[in-house]
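Contents: one structure, followed by commentary.
All values reported here derive from a predicted model rather than from experimental measurement.
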Amino acid sequence: MAVDQSIHAFPICEVSLVDWFVVVRFGASGMSGRKETVLDLAKFVDKGVQVKLTGGRQVTGTLKGYDQLLNLVLDEAIEFEREQDDPLKLSAKTRQLGLIVCRGTAVMLVSPTEGTEEIKNPFQEADGAQA
């Protein structure tokens with residue numbers, strides 16, 4: 001029995017950072033296949049960052065290091081727990097984690113804690129229903 005040894009072409013996935021957001025671009029032929037970082041995380045080292053991870057976890061801490069795969073080292077990390085009845089809402093409960101490593105494949109968003117604020121949802125009516 002002969003084994004198929006041909007290489008199948010799959011779309012190339014390129015990850016880059018735009019402002020705080022991690023943007024994943026898919027392409028086929030015209031891409032070089034190299035990763036290009038628009039935002040250098042070096043300016044956030046030793047500063048507070050908020051990290052959103054796949055699965056809904058949200059962590060804040062001091063960025064101590066990172067690599068090209070977006071693995072992040074956070075010190076004094078705090079995880080914000082979700083509400084039991086509504087997993088989309090953060091509860092007031094937090095968990096002290098200390099020094100952690102966030103695996104790059106799980107990182108969805110990195111943003112500074114300084115200079116950001118939560119705003120009211122303009123699409124939500126006064127009674128809490130969505131418009």
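In this structure, V45 is a member of the same hydrophobic cluster as V49, with clusters built from ILVMFWY side-chain heavy atoms closer than 4.5 Å. Grouping the Ile, Leu, Val, Met, Phe, Trp and Tyr side chains by contacts below 4.5 angstrom, directly or via other members, places V59 with L41.
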Can you check side-chain contact (heavy atoms from CB on, under 4.5 Å) on I78 and Q96, steps first, answer last? CA-CA 5 Å; I78 300 170; Q96 299 288 334; 3.6 Å; yes
Could you walk me through whether L109 and V51 pass side-chain contact (heavy atoms from CB on, under 4.5 Å), step by step? CA-CA 6 Å; L109 173 90; V51 180; over 6 Å; no
Determine, step by step, whether D46 and L63 satisfy the side-chain contact (heavy atoms from CB on, under 4.5 Å) criterion, reporting the C-alpha distance in whole Å, the side-chain angles of both residues, the deciding distance to 0.1 Å, and the verdict. CA-CA 5 Å; D46 291 327; L63 182 65; over 6 Å; no
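At least one side-chain heavy atom of L72 sits under 4.5 Å from a side-chain heavy atom of V110. Within the 4.5 Å cutoff, side-chain heavy atoms of V107 are placed close to those of L53. You'll find the side chain of N71 stays beyond 4.5 Å of the side chain of C102, heavy atoms only.
Of all heavy-atom pairs between T54 and T105, the closest is CG2-O, 4.5 Å. Closest heavy-atom contact between K52 and Q50: CE-NE2, 3.8 Å.
In this structure, E114 does not pair ionically with K47, as no charged nitrogen and carboxylate oxygen lie closer than 4.0 Å.
Within a 6.0 Å sphere centred on CZ of R82, heavy atoms belonging to other residues, nucleotides or ligands number more than 12.
A distance-only check finds a donor-acceptor pair linking the side chain of Y66 to the backbone of A42 [under 3.5 Å].
A side chain to side chain contact (heavy atoms under 4.5 Å, CB included) with E79 holds for exactly one of L97, I100, T94, T60; it is L97.
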